[in-house]
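Chain letters run A, B, ... following the sequence lines, proteins first, then strands; residues in each count from 1. Predicted, not measured: the structure shown is a model, and the values here were computed from it.
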Amino acid sequence: MTKSAGKLLFDGSDWNFATLSRTYDAIEEIALGELKLDIYPNQMEIISSEQMLDAYSSVGMPLMYQHWSFGKRFVFEDHLYRKGRRGLAYELVINSNPCIVYLMEENTMAMQALVTAHAAFGHNHFFKNNYLFRQWTDASAILSYMEFAKKYIAKCEERHGTSAVEAILDSAHAIMDQGVFRYRRPPRLSSEKERERARERLEYEEQTFNDLWRTLPPSTRDREEAERDASERKKALNLPEENLLYFLEKTSLILEPWQRELLRIVRVIAQYFYPQRQTKVMNEGCATFVHYTIMNRMFEKDQVSEGTMLEVLQSHANVVFQPGFDDPRYYGMNPYALGFAMMQDIERICTAPTAEDRDWFPDIAGNGNWRDTLLDAWANHRDESFILQFLSPALIRKFRLFLLTDNAGDNFLEVASIHNERGYQTIRAALARSYDIGANQQDIQVVDVNLLGDRQLRLRHNVKDGVQLEETSRDATLRHIRHLWGYDVSLVGVDAETGETLYECSTDGDML
Amino acid sequence: MSIAQCRRGMGAKSTIRGFSMPNFIDRRLNPKDKSIGNRQRFLKRAREELKRAVKEQIKSVGIADVGGGQNVSMPTRGVSEPTFQPAGDTGDRERVLPGNKEFSPGDRLRKPQGGGGGKGGAGTGEDEDDFQFSLSHDEVLDLFFEDLELPDMIKLSLKETMTFKPRRAGYAVTGSPTNINVAKTMRNSHGRRIALRRPKQAEIDALSAEIAELEKKPGAQAKERLAMLQAELDWLERRRRRVPFIDTVDIRFNRFEQQPLPNANAVMFCLMDVSASMGEREKDLAKRFFVLLHLFLRRRYERIDIVFIRHTDEAHEVDEETFFYSTQSGGTMVSTALEEMLRVIAARYPANEWNIYAAQASDGDNISGDSERCVSLLSAAMKYCQYYAYVEIIDERESEIFARTDNGTSLWRAYRTVDGEWPNFQMTRIAKPGDIYPVFRKLFAKQSALRQPRK
C-alpha cells in the first residue's frame, strides 16, 4: 500500500486476504468496542457464485442431505440467475458456533467490508443474543448434527434404496410447517455419543425382533378393559399434539426405526429454522443497522475512502428500498427496510425525541442511551412484540402505512385505518399480528386416534377468521400424512371461536 | 492466498489475538456442482414431464437445433410439494400496506381479480406455475434417445464431442517441464548473458590461473597485484551468481493448440413424400428419423448442409418450414425427388468434395410404373452417396402384417432389389419412434469400426 493512501484500510475495488483481515479487525474494533456487540467467533469463507447457488438451494446449510426438491430449487434459481432476472445474495450466514459467513468472490472490497459488518457482526450478534435463538436452537450442535443427518440419510439410501428414503422425506417435508414445537421447548440436540448409543440400541432391537410373536392369538380381554386401555393410551400419547412430525415419529404404527429417525431429522431442521422465521424483520434490521453504523464510523475515522462509501451507500439504499403498494416492484413489506427504519427510529427517539415520542415511549424517549436500548430490544423481542412495542407514529407516517380489511363475503376491500391519530394504534397492532407466525400458520393438531377400530388418525384444524385450506394441496398433504401413519387420516375444520364444524375430509376418498 | 491455506480447518482457531480472530477460508477451489446430485434426482423425478416437453420442443425447432442447451418449461405436476396452504377466497383478513397516497378511512376498493389473497409474500413457491429451466445438451439428448430406444453405446458415441489433436503453435512462457524448448531457451539465455555481461568461464579461468601464478611469486608488488586480482575475481564470481546461466525468464515452452481433426463437409438430403396421405404422425416420425441422421452426421462432420426435397408428383427443394408444415396436393411420383436430388448434387455438391447422405421417408405410395424408374435413378445416386436410408412409415396396425415380409408396396418391392446390391443402402418400415434406430444400425456399426472420417 502506498503512502498516499494514508490510514485507509484499502483502496480500489480489488480485495485480497490481507485487506480482508485488516478490515475485519477495524470492523471488530467498532463493533465490539463501540456498539458492544457480543458474537460467536467467525469463520469467513470465500466462495464462488456457483457455490452460492448451491448453498442457496439447500436452504443455506453447508451440509444438507440429498433430496430432489433441492435440485428443483437449484434449477429454478439457476435459471433465474442466468436469465439475469434475479441477483445472488452477497453473503450467507449460518447460525452456528463458530458462525459461518460466506462471502462471494465477485464482491468488491467495499462490498466485502459491508458484508462483513452485516453478517459477521450484525447477524452473528443477533443469533447469539436473541432469546428465541438462545432458547430454541443450539448453535454449537447444529453443524455436527447436520453432518450426522447427511451421513445417516446417505446410509439409509444405500440400505433401503433412494426411492424408499425419498418417499419418507417427501411426506415429512409436506408437514414441516406442522413439525415445530411452538410453545413447548424442544429437547436439546443430544451429543454425537448419545445418538450413537441410541442407534445401537435400535439396531439391537431390529436384530432381536422375532416375528413369531405376531402369530400369537389376540388376547381375549373384555371390552371395558380395552376402553380403559384406550383412554390411558390416549392420555399417554399426550393429545392433543400440535407437532405432527413429532407425533408420527413417536406413535406411527407402521414406521421402521430408520424411518422414524428420518422424521426426526426433518423435525430438528424445521425447529432450527423456526426462530429465523419469527425474527426476519429484527434480524435483517439488526444486521442492516450494524453495517450502516459501522461503515459510517469507519468513514468518520478515515479508514475508508469516499468512493468506497458511495458504493456502500448505493448498495445500502437498494437493500432498504421499500416500494409502495401500487408499485410493480412491490412484494410486501421489505424486512430490511422496516427493521432498519425502526432501529434508526429508536436511536432518534433516544437522542432527539419529539413531544409525541415522549407520549408514546416514556421509557426510552430521551434516555440518550440508544446503544443499550437497541441491545435490549435485539435480545428480548421477536418481530411481533418488537413492532407492537416500538413502531412509532412518525414511522407510520413515513411509510404512509394503511390498513385494508378483506372479508370473504364482500366484493370490495375497505380502508380501515390510515396514518392519522386514530389509526396509529390499529395499524401498529395489525402489522404486529401479521408477523406472528404462530397465529398466522394453519393450526392443525392431532386430537384423537382410534387405536381399536380402523386406527384412524383424527386431526383438527382450528380455523381462525374463517380462513380455510386450499383443497388440492390439503388433500395431497393429507395423503402424505396417511403415508406416514399407515391408516386413514381425517381432518375436521372447526371455527376457533364458535366451535362450529366448517368442513370435514379424510383420506378414504369420500368426504364425510 | 497462503494465509487462508495455512489456517484451513475449523479447529485451527488462532490464539494470537484472542478468541475472535477470524478464520478466512478460501473455498473457491472446493468442488462446485454440489447440487448436481440433487439436480439429477429432480430430473429423474420429472422424467415423464420432461420427455413430453422435449418431444414438444423437437417438433417446434429445426432439425439442426435439436440437442442445444435449451429452455424447457414444464408444469409442476409430479414435482409439486404440497403443504397446508390457506385458501385465498375464504376468511377475513387484514393487510397493512405502505405508500398510501389518497385513501381515507372508509374508502372502498374493488377486489383484485384472481383471488388476490395469496399475493404478498415473495416466497419461493409463488412463481413456480411457469416452472422454467435450462437443460444441457446431454440431458436433452438423453431424453430424446430414450424415446428412440438407442443402445447405450450409440448414445455415448453420439454425444462424444469432437476429437482434438494438439498441434504445435509457437512458444509459451508457462508450461510443463516436458515441453521446454531447449534451443529457444538457450538462445534467450545467451542473449541475456551477453546483454548483462555475465563473466565468461574463460575469463575466470584466466584470472584464477594468474592468481595461482602470482601466489607462487614473492614480493610486495606481486602481493598488491594479487589483492587487486583477488578483488576482481570476487566481483566476477558475484556477478556470475547474480546473472545466472539460465534464468526463469529465458525458459520457453512449446505451445500446443488443440486443433479439431480435419473433417470433411457433409450434405444431408431429406426426401419426403408430402402428398395428402402423409399426416401429422407420419411427418413427426419422419422428422425424428431425419434428426437422428443429422445428430450422427454432426458428430462426424464439421459442416453439414441440409437439403430438403419434397415431392408429390413433382419435386422441389424447399426450406425446413415448408418441408414439414405445408401441404401440397397432387399425386405421388417418387422418381421426381430422386431426379431433383441428382440435379442438386450435380449443381452444388460434387461427390469428391462432399460426403453425401440421403434419407427418404415415404408412406410407400407411388404411381404405377414409376418404381422401376426409381430403382435405376437410385442406382445412379448410390454411386455418390455414402449412405442412403429409406423408411416407409406404416400404420401401427399394419406393422404386424408387414413384419419381415417381402411383399408390400411397389416402391418397397423395387427398393428391395437395391438393398441387396449396395451395402450402404438401408431400408425399413417404421410404425413408432422405437423402430427408427434399426435403420441406422449399419451406419453406427460402421462408425465404431472406422473412426477416421473419409478425407
Looking only at heavy atoms, what is the nearest atom pair of B/P105 and A/A416, with distance? CB-O, 3.8 Å
Criterion salt bridge (Lys or Arg N to Asp or Glu O under 4.0 Å) on A/E105 and B/R27, from CA distance to verdict: CA-CA 10 Å; A/E105 142 184 68; B/R27 292 264 187 231; over 6 Å; no
Take B/N38 and A/D54, measure what side-chain contact (heavy atoms from CB on, under 4.5 Å) needs, and give me the verdict at the end. CA-CA 10 Å; B/N38 287 331; A/D54 282 347; over 6 Å; no
Sort A/A430 into side chain, backbone, both or neither according to what part of it lies under 4.5 angstrom from a heavy atom of chain B. both
pair A/E471-B/Q85: side-chain heavy atoms closer than 4.5 Å: no
When heavy-atom pairs shorter than 4.5 Å are enumerated against chain B, which of A/R422, A/R433, A/Q441 gives the highest number? A/R433
Side chain, backbone, both or neither: which part of A/R479 has an atom under 4.5 Å from a heavy atom of chain B? neither
Most heavy-atom pairs under 4.5 Å with chain B, out of A/V463, A/I396, A/I47, A/T477, belong to A/T477
Answer with side chain, backbone, both or neither: which region of A/D327 has an atom nearer than 4.5 Å to a non-hydrogen atom of chain B? neither
Which one, A/A120, A/P323, A/A174, leads in non-hydrogen pairs under 4.5 Å with chain B? A/A174
Determine the minimum heavy-atom distance between A/L413 and B/R110, stating which atoms define it. CD1-O, 4.4 Å
Chain B heavy atoms under 4.5 Å from A/I481: which part of the residue, side chain, backbone, both or neither? side chain
Chain B contact via A/D170 - which portion, at a heavy-atom distance below 4.5 Å: side chain
Turns out that what part of A/Q66 lies under 4.5 Å from chain B's heavy atoms comes down to both
Distance check, rounded to the nearest 0.5 Å: B/D26 atom CG versus A/L20 atom CG? 10.0 Å
Tell me, for A/H480 versus chain B, whether the close heavy atoms (under 4.5 Å) come from the side chain, the backbone, both or neither. side chain
Apply the test side-chain contact (heavy atoms from CB on, under 4.5 Å) to residues B/L109 and A/V415: give CA-CA distance (whole Å), side-chain angles for both, the deciding distance (0.1 Å), then the verdict. CA-CA 8 Å; B/L109 289 81; A/V415 178; 3.6 Å; yes
Does the plane of the ring in B/F103 sit parallel, tilted or perpendicular to the ring in A/F325? Use 30° and 60° as the thresholds. tilted
Just so I know, are the side chains of B/F24 and A/Y24 near enough to count as touching, which here means a heavy-atom distance under 4.5 Å? yes
Atom group of A/T162 that falls short of 4.5 Å from chain B, counting heavy atoms: side chain
Quick check on A/Q442 against chain B: is it the side chain, the backbone, both or neither that has a heavy atom closer than 4.5 Å? side chain
Which atoms of A/Q178 come close to chain B, meaning under 4.5 Å heavy atom to heavy atom: side chain ones, backbone ones, both, or neither? side chain
From CA spacing to verdict: side-chain contact (heavy atoms from CB on, under 4.5 Å), A/D406, B/R95: CA-CA 8 Å; A/D406 173 2; B/R95 254 174 291 165; 3.1 Å; yes
NZ/NE/NH1/NH2 to OD/OE distance under 4.0 Å, A/E166 and B/K44: no
Could you tell me which portion of A/T405 (side chain, backbone, both or neither) has an atom closer than 4.5 angstrom to a non-hydrogen atom of chain B? both
Are B/F84 and A/S473 side-chain neighbours, meaning at least one heavy-atom pair lies under 4.5 Å? no
Tell me, side chain or backbone of A/L338 under 4.5 Å from chain B's heavy atoms, or both, or neither? neither
Would B/R108 and A/F412 count as a cation-pi pair here, with the cationic atom under 6.0 angstrom from the ring centre and within 45° of the axis? yes
Taking everything shown except A/E106 itself, do over 12 heavy atoms lie less than 6.0 Å from its CD? yes
Tell me, out of B/T83, B/L97, B/D107, who's got the most heavy-atom pairs with chain A below 4.5 Å. B/L97
Run the salt bridge (Lys or Arg N to Asp or Glu O under 4.0 Å) check on A/E157 and B/R41 step by step: do they pass? CA-CA 13 Å; A/E157 283 177 346; B/R41 280 167 188 230; 2.8 Å; yes
Show, in sequence, the C-alpha distance, side-chain angles and deciding distance for B/R45 and A/K72, and conclude whether the side-chain contact (heavy atoms from CB on, under 4.5 Å) test is met. CA-CA 10 Å; B/R45 181 136 186 148; A/K72 175 178 160 188; over 6 Å; no
Between B/K101 and A/D326, does any side-chain N to carboxylate O distance fall below 4.0 Å? yes
Separation between CG of B/N100 and CD1 of A/I427, rounded to the nearest 0.5 Å: 8.5 Å
Verify salt bridge (Lys or Arg N to Asp or Glu O under 4.0 Å) between A/D465 and B/R93, making sure each step is shown before the conclusion. CA-CA 7 Å; A/D465 299 327; B/R93 297 146 206 268; over 6 Å; no
A/F402 versus B/P98, closest heavy-atom pair with distance: CE2-O, 4.0 Å
